[in-house]
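Everything below concerns the one structure shown next.
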Amino acid sequence: MLKKLFQSLRTPKRRTQQLRSTPEVLNSSQHSLQRAQFSRYAVNIVERLQNAGYQAYLVGGCVRDMLLNITPKDFDVATSATPEQVRAEFRNARIIGRRFKLVHIHFGREIIEVATFRANHPQNDEEEDSNQSSRNESGRILRDNVYGTLEEDAQRRDFTINALYYDPVSERILDYANGVHDIRNHLIRLIGDPQQRYQEDPVRMLRAVRFAAKLDFGIEKHTAAPIRALAPMLREIPSARLFEEVLKLFLSGNAADTFEMLVDLQLLDQLFPASAEALEHNPTYTHTLISEALRNTDLRIKQGKPVTPAFLFAALLWPALPARVMHLQDRGMPAIPAMQEAAHDLIAEQCTRIAIPKRFTLPIREIWDMQERLPRRSGKRADMLLDNPRFRAGYDFLLLRESAGEQTHGLGEWWTDYQDANDSGRREMIRELSTAKEDGAGPAPRKRRRTGSSKRKRSAGADE
Ligand code: ATP
Ligand code: MG
């Protein structure tokens with residue numbers, strides 16, 4: 001009994017990941033990184049800054065991803081040099097940002113971002129009483145433009161796995177927060193007290209989900225625990241920043257897993273309140289439609305095909321539309337205006353949370369409008385629709401609805417065949433439509449044309 005107590009005193013349960021005052025140093029024989037794997041431009045920058053007498057390291061996502069054998073998106077450098085000092089060393093350097101300055105060093109198309117070590121504002125800083133305070137009343141950091149030491153820079157980073165510093169000259173890793181341990185154990189863990197860190201910046205809740213999905217890591221339990229309760233804090237975040245974050249969440253190639261996590265952690269309610277409501281009222285249809293769309297998006301990204309955010313947003317919001325259309329129709333509005341008004345209102349409402357730019361909201365409406373028009377095929381209408389630049393997205397969206405179990409009386413298959421048919425085949429298909437109408441029955445049974453149609457049918461996803 002005593003022995004057990006003693007052991008638990010010696011190895012207290014780590015509720016929060018506190019920083020070491022001196023980092024654990026891993027030399028080149030203790031880790032798998034090699035200088036040659038990193039962008040030579042980034043390595044040169046580090047070398048030149050060090051030769052000029054500054055501290056400089058590769059940091060963040062590139063070190064984390066390299067340890068996991070993932071190709072990094074970009075390479076970031078952290079240094080003790082101020083932006084002006086960095087600029088003085090490099091002819092191709094530009095200072096960006098006004099309040100918080102960063103330096104971009106350009107090498108052709110590659111840009112290396114160099115950031116000066118930053119410090120977190122203390123929780124009860126002296127400015128607190130004045131209107132210069134760096135935090136608001138809920139603890140959110142409003143300004144973080146204070147330079148700091150290397151150790152402070154590690155402390156203000158979000159997750160342990162993002163706070164690793166690699167020195168390509170000595171080939172050593174500096175690990176202040178047991179990040180290497182968490183990489184080995186596939187864990188997303190916040191540095192410091194999770195509640196406080198989310199209060200400082202609620203977007204970290206979304207980042208936890210993004211990295212968990214991207215890396216296929218678990219979210220450590222103390223890091224996950226406060227999320228449901230603190231999720232409403234996302235309402236304080238400017239809608240433009242949330243738009244950027246949501247794009248990163250859904251265009252990472254792991255959108256389907258991301259969605260499950262967002263639902264589970266009640267973050268979806270904050271990002272897409274109408275979709276979360278639809279998920280509650282009509283769970284099977286909503287879930288199938290959205291996950292199918294996201295799986296297609298993930299697949300397209302893996303295949304290197306383009307993906308348009310409009311298709312994604314159209315799918316995420318679509319399940320929220322019918323209830324609104326019905327509500328307007330119940331009040332006597334005809335079907336098409338009801339659909340248009342509901343679409344307009346839903347998008348406007350969504351934009352108060354996430355600022356979806358006009359260049360995407362317009363195509364969302366067009367994809368939805370197309371759903372009203374695809375059943376109307378008589379006369380020249382079908383050919384006109386086929387020529388519509390939004391046809392492909394609208395058709396893919398129709399297949400998506402069908403794959404979620406929506407009953408369309410074979411409309412998707414009809415359009416698949418129509419695209420494959422030659423001129424006389426198309427005329428026959430249109431004739432069959434009017435006969436079916438005169439009979440008062442559904443479309444007359446047709447011989448299926450097999451050529452190439454199934455291939456196209458499976459490509460439901462974002463348009464090209
Ligand atoms: P990605 O591969 O998605 O670019 P990343 O880790 O490089 O991943 P960035 O958003 O580019 O992510 O941020 C770079 C680094 O800055 C992170 O690794 C992290 O150390 C730090 N960081 C970014 N956003 C925050 C935040 N909200 N709070 C604390 N630290 C952050
Ligand atoms: Mg990055």
Side-chain angles (χ1 to χ4, degrees), residues 17 19 23 38-39 42 57-79 96-97 100 102-104 110-121 134-135 139-146 148 150-166 173-180 182-183 188-217 223 227 230 233-234 236-238 241-255 258 301:
Q17 179 57 59
L19 234 60
F38 289 83
S39 149
Y57 299 91
L58 291 156
V59 68
C62 69
V63 182
R64 174 198 72 214
D65 289 354
M66 281 295 193
L67 283 169
L68 289 161
N69 289 320
I70 298 172
T71 310
K73 270 199 336 226
D74 42 38
F75 295 88
D76 295 329
V77 170
T79 180
I96 58 152
F100 190 78
L102 293 168
V103 183
H104 276 180
E110 193 172 332
I111 297 176
I112 308 291
E113 192 168 284
V114 182
T116 305
F117 296 150
R118 265 191 270 181
N120 245 346
H121 280 256
S134 56
R135 290 170 194 258
R140 187 153 69 85
I141 291 188
L142 304 175
R143 278 181 285 281
D144 58 351
N145 50 357
V146 174
L150 169 59
E151 191 191 338
E152 285 169 328
D153 190 76
Q155 187 152 27
R156 63 103 190 157
R157 290 183 185 268
D158 46 8
F159 304 105
T160 61
I161 59 169
N162 287 349
L164 295 167
Y165 296 76
Y166 177 61
I173 293 177
L174 305 190
D175 182 359
Y176 283 92
N178 285 321
V180 171
D182 286 340
I183 284 187
I188 306 293
R189 188 197 308 265
L190 271 171
I191 297 170
D193 174 56
Q195 175 151 343
Q196 183 191 329
R197 299 307 307 279
Y198 291 134
Q199 282 168 339
E200 287 172 358
D201 181 5
V203 168
R204 289 174 186 151
M205 295 186 268
L206 301 179
R207 290 175 58 86
V209 170
R210 175 154 74 88
F211 293 124
K214 166 178 164 154
L215 307 172
D216 197 15
F217 276 25
T223 298
I227 293 183
L230 296 181
M233 282 193 79
L234 282 173
E236 294 175 24
I237 303 300
R241 183 171 178 210
L242 282 187
F243 173 73
E244 296 299 326
E245 289 299 329
V246 162
L247 277 197
K248 285 188 200 160
L249 281 169
F250 288 120
L251 297 179
S252 65
N254 307 286
T258 300
I301 289 173

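Just so you know, ligand 1 is whichever comes first in the structure, and atom 1 is the first atom listed for that ligand.
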Original post:
With sequence neighbours left out, what residues match Arg197 under side chain to side chain donor-acceptor pair (under 3.5 Å)?
Top reply: Glu200
Original post:
Is the shortest N/O to N/O distance between Lys248 and ligand 1 below 3.5 Å?
Top reply: no
Original post:
For atom 17 (C) of ligand 1, which of Gln155, Arg207, Arg64 has the closest heavy atom?
Top reply: Arg207
Original post:
How does Arg157 reach ligand 1, if at all, at less than 4.0 Å between non-hydrogen atoms: by side chain, backbone, both, or neither?
Top reply: both
**OP:** Anything under 30° is parallel, anything over 60° is perpendicular, the rest tilted; go ahead and classify Phe159 against Phe211.
**Re:** perpendicular
Subject >> Identity and distance of the protein heavy atom lying nearest atom 19 (C) of ligand 1 >> reply: Asp158 OD1, 3.4 Å
Original post:
What protein heavy atom is closest to atom 4 (O) of ligand 1, reported as residue, atom name and distance in Å?
Top reply: Lys73 NZ, 3.2 Å
Original post:
Is there a side-chain contact between Asp193 and Tyr198 (heavy atoms, below 4.5 Å)?
Top reply: no
**OP:** Answer with side chain, backbone, both or neither: which part of Phe211 has a heavy atom less than 4.0 angstrom from an atom of ligand 1?
**Re:** side chain
Original post:
So which heavy atom in the protein is nearest atom 14 (C) of ligand 1, and how far is it from that ligand atom?
Top reply: Asp76 OD2, 4.0 Å
Original post:
What atoms of ligand 1 come within less than 4.0 Å of a heavy atom belonging to Arg156?
Top reply: 29 (C), 30 (N)
Original post:
Heavy-atom contacts under 4.0 Å between Asn162 and ligand 1: side chain, backbone, both, or neither?
Top reply: both
Original post:
Which ligand 1 atoms are under 4.0 Å away from a heavy-atom of Lys214?
Top reply: 2 (O)
Subject >> Proximal atoms of ligand 1 relative to Asp201 (non-hydrogen, under 4.0 Å) >> reply: 26 (C), 27 (N)
**OP:** Quick one: look up the protein heavy atom nearest atom 28 (N) of ligand 1 and list residue, atom name and how far away it is.
**Re:** Arg204 NE, 2.8 Å
Original post:
Just which atoms of ligand 1 are under 4.0 Å from any heavy atom in Arg210?
Top reply: 3 (O), 10 (O)
